[in-house]
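Structure first, then comments.
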Amino acid sequence: MDINLDHIAKLAKLRLTEAEKELLGRQLPSIVEYVAKLQEVDTSGIDPKAYLTDATNVFRSDEPTTVQAERDAAVAAFPKSAGDALEVPGIFK
Amino acid sequence: MAELLTVKAIRDAVAAGTVTAEEVTKNCLARIDAEDPRIGAFLEVFHTRALEKARDIDVMKARGDELPRLAGVPVAIKDNMLLAGEKVSSGSKILQDYTSAYTATVVARLEAAGAIIIGRTNMDEFAMGSSSETSAFQKTHNPWDTTRIPGGSSGGSAAAVAAGFVAASLGSDTGGSIRQPASMCGVVGMKPTYGRVSRYGIIALASSLDQVGPFTHTVQDAMLIMEIIEGRDEHDATSVELEDKPVAELLEPSMQGLRVGVPKEYFIDGMDPEVRARVLEAIEVFKQNGAKIIDISLPLSPYALPTYYIIQPAEASSNLARYDGLRYGTRAPGALEDSYLTARSEGFGLEVKRRIMLGAFILSAGYYDAFYKKAVAVRNALRKEFDEAFKQVDVILSPTVPGTAWKLGEKFDDPIAMYLADVFTTPANIAGLPGISVPCGFANDLPVGLQLQAKPFNEMTMYTAAAAYQAVTDWHTKVPQA
């Protein structure tokens, strides 16, 4: 199994060290080979539902219910902020 | 060192006034302070908060108020459960300075029931692991042999009960992370049916698999915790309004006429022969006490673990996308992309990176159908196979783990060997069934667990059978000697 580590790392937003690349380059193919065992199972006629429960959508009215303490704590947990404004790195160069 | 301490005994003693909640909590804190340096179960103990809450209970008692169901019972929580104002890290460096902004429903319900939240316990980073060794902070030692792992990922919560620090703790189980460490630490550990317990405020690993459940010494204690935490929560759309809500005091343990299915696929070549022997002895106990033992076959069982190692990393890689250094944790310098890469590459440990990479690969263009979609189809087929089996049997009995606790460091560099420890526990997560691990003896002086699985939302049958086993055996009363 050929796994393009650089491509996958880019998708996963990870910067791998050379040592990690060497290790994962050995381990990921053997894990993928192990899980590929599933190809042996005949699943024709099976409905592939992502959730197994019979739960259906439950609707409620879309009303804001801000809890001030939680809001303040969430802002406080943000790594960089000025008052109520949350600071993020620039998207454009 | 430890003597058997139950939720029920503490609850009844506080209610009767033979002991105060403050005394109970002080004793609990003293045990942890004295002995946890040897075990490493806790990442943090909430000394001040716990004593304040305990005194509140004593004030209620003094006023003559009716006490809530778990008044004065210390409970430990896994480090992936939010408690407003307290730190929570999911065992990861990327969240090491994060403080919860709100409280998880399960924790809020425990506190409302008078339980004393005593501290947060060590775990594998983001619950990815089977030995608790991937924690960014510390190793946890098995109280039965401190050179060995406690199992994982909820190893700290299992060890805290086994060591006698608390009578109950909460863990989360995505592929066995409650039942597997319960088995290895010689305590009861239960994973409820998917949807029975709210996941609101639990740091997600894989959202279609995660469930919260208790560690205790007895099945009755597990029920006492479950009846508080379970049931519909408007904050978790997958939580279910329960039709049957078992009450611990009303349970009538019995094996008479119970149809116990024993699947041959759970007695594999290469499992520890001593573990096999203990489980066969347990089957004999069921037989002697009126159960009907039925040999069954679940041919898809061997595919549960590979299915799990597709669905879980796929969901995990999506869930962990939120750790980008912008919202939580440490902001890395540089422009946006650079800041993401630095925060994630420095914040996550190797096992987490391995699973994020695996998940990103499985979900990537060209592989999605072959892996993810196939796994979802096998998952549905597995559930159907269980549905068929439960037409013939009431519970499915098996070992919880193919072996016992291994030495610290032993399997750390071999991911597949580590993953195989969950081979008997992942089916319940994949199929959404309830499962419980109950102590059933020792193999080479290490605890062995017996797993019972039941039909979805049929916890009552599982409790009845498991409690009946405990009524005629005393394995759960054994405690490790210091």
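Below, read A as the first sequence line, B as the second, and so on, with proteins coming before strands; counting in each chain starts at 1.
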Would you mind telling me which of B:Ser317, B:Gly195, B:Pro415, B:Gly432 has the largest number of heavy-atom pairs within less than 4.5 Å of chain A?
B:Pro415
Check for a donor-acceptor pair, side chain of B:Lys353 on one end and backbone N or O of A:Leu16 on the other, with a separation under 3.5 Å.
no
Quick check on B:Asp413 against chain A: is it the side chain, the backbone, both or neither that has a heavy atom closer than 4.5 Å?
backbone
So which of B:Ser339, B:Pro333, B:Pro306, B:Ala84 has the largest heavy-atom pair count under 4.5 angstrom toward chain A?
B:Pro306
Count the heavy atoms belonging to other residues, nucleotides or ligands that lie under 6.0 Å from NZ of B:Lys374, then report whether that count exceeds 12.
yes
Find out whether B:Phe371 and A:Val35 are in side-chain contact, i.e. whether some heavy atom of one side chain is under 4.5 Å from a heavy atom of the other.
yes
Heavy-atom closest pair (B:Ala360 atom, A:Ile8 atom, distance to 0.1 Å) is CB-CG2, 3.9 Å
Write down the atom of A:Ala77, the atom of B:Tyr98, and the distance for their closest heavy-atom approach.
CB-CE1, 3.5 Å
Output the option from A:Asp42, A:Ile46, A:Leu38, A:Thr43 having the highest count of non-hydrogen pairs under 4.5 Å with chain B.
A:Leu38
Would you say B:Phe348 and A:Leu14 make side-chain contact, with heavy atoms under 4.5 Å?
yes
When the 4.5 angstrom heavy-atom criterion is applied to B:Arg383 and chain A, the contacting part is side chain
Mind ranking A:His7, A:Lys80, A:Gln27, A:Arg71 by heavy-atom pairs under 4.5 Å with chain B and telling me who comes out on top?
A:Gln27
If you count heavy-atom pairs under 4.5 Å with chain A, which of B:Lys373, B:Lys384, B:Glu337 comes out on top?
B:Glu337
B:Tyr309 OH to A:Ile31 CD1 distance, which is reported to the nearest 0.5 Å
8.5 Å
So for B:Leu341, is it side chain, backbone, both, or neither that comes closer than 4.5 Å to the heavy atoms of chain A?
both
Sort out for me which of B:Thr193, B:Thr342, B:Asp324 touches chain A most, counting heavy-atom pairs under 4.5 Å.
B:Thr342
Take A:Ile3 and B:Phe361 through the test side-chain contact (heavy atoms from CB on, under 4.5 Å) and record every step on the way to the result.
CA-CA 8 Å; A:Ile3 297 175; B:Phe361 169 74; 3.9 Å; yes
I need the A:Tyr34 OH to B:Ile310 CD1 distance, nearest 0.5 Å.
10.0 Å
Honestly, the part of A:Ala36 sitting under 4.5 Å from a heavy atom of chain B is both
Check whether A:Glu70 gets within reach of chain B through its side chain, its backbone, both or neither, counting any heavy atom under 4.5 Å.
both
Tell me the closest heavy-atom pair linking A:Asp2 and B:Tyr367, and the distance in Å.
O-OH, 3.8 Å
Can you tell me which portion of B:Thr103 sits under 4.5 Å from chain A's heavy atoms? Options are side chain, backbone, both or neither.
neither
Gap separating the OG atom of B:Ser345 from the NZ atom of A:Lys13, nearest 0.5 angstrom
11.0 Å
Please give me the minimum heavy-atom distance between A:Ala12 and B:Met357, naming the atom from each residue.
CB-SD, 4.3 Å
I need the residue from B:Ala370, B:Ala343, B:Ala321 with the largest number of non-hydrogen atom pairs under 4.5 Å to chain A.
B:Ala370
Test side-chain contact (heavy atoms from CB on, under 4.5 Å) on B:Leu350 and A:Leu23 and set out the steps.
CA-CA 10 Å; B:Leu350 184 61; A:Leu23 187 70; 3.3 Å; yes
Stepwise side-chain contact (heavy atoms from CB on, under 4.5 Å) check, B:Leu300 with A:Val41
CA-CA 8 Å; B:Leu300 289 176; A:Val41 183; 3.7 Å; yes
Let's test your reading of the structure: which of A:Thr17, A:Val32, A:Asp72 forms the most heavy-atom pairs below 4.5 Å with chain B?
A:Val32
Drop me the distance from B:Tyr303's OH to A:Gln39's CD, to the nearest 0.5 angstrom.
11.0 Å
Minimum heavy-atom distance B:Gly334-A:Pro89, with the two atoms named
O-CB, 3.9 Å
Minimal heavy-atom distance between B:Asn380 and A:Asp47, with the atoms involved, is CG-O, 3.3 Å
Going through the checks in order, is the salt bridge (Lys or Arg N to Asp or Glu O under 4.0 Å) test met by A:Glu87 and B:Arg331?
CA-CA 10 Å; A:Glu87 191 189 325; B:Arg331 176 74 57 83; 5.4 Å; no
Checking A:Leu86 against B:Arg327 for the side-chain contact (heavy atoms from CB on, under 4.5 Å) test, could you report, in this order, the C-alpha distance in whole Å, the side-chain angles of both residues, the deciding distance, and whether it holds?
CA-CA 9 Å; A:Leu86 305 177; B:Arg327 297 165 176 83; over 6 Å; no
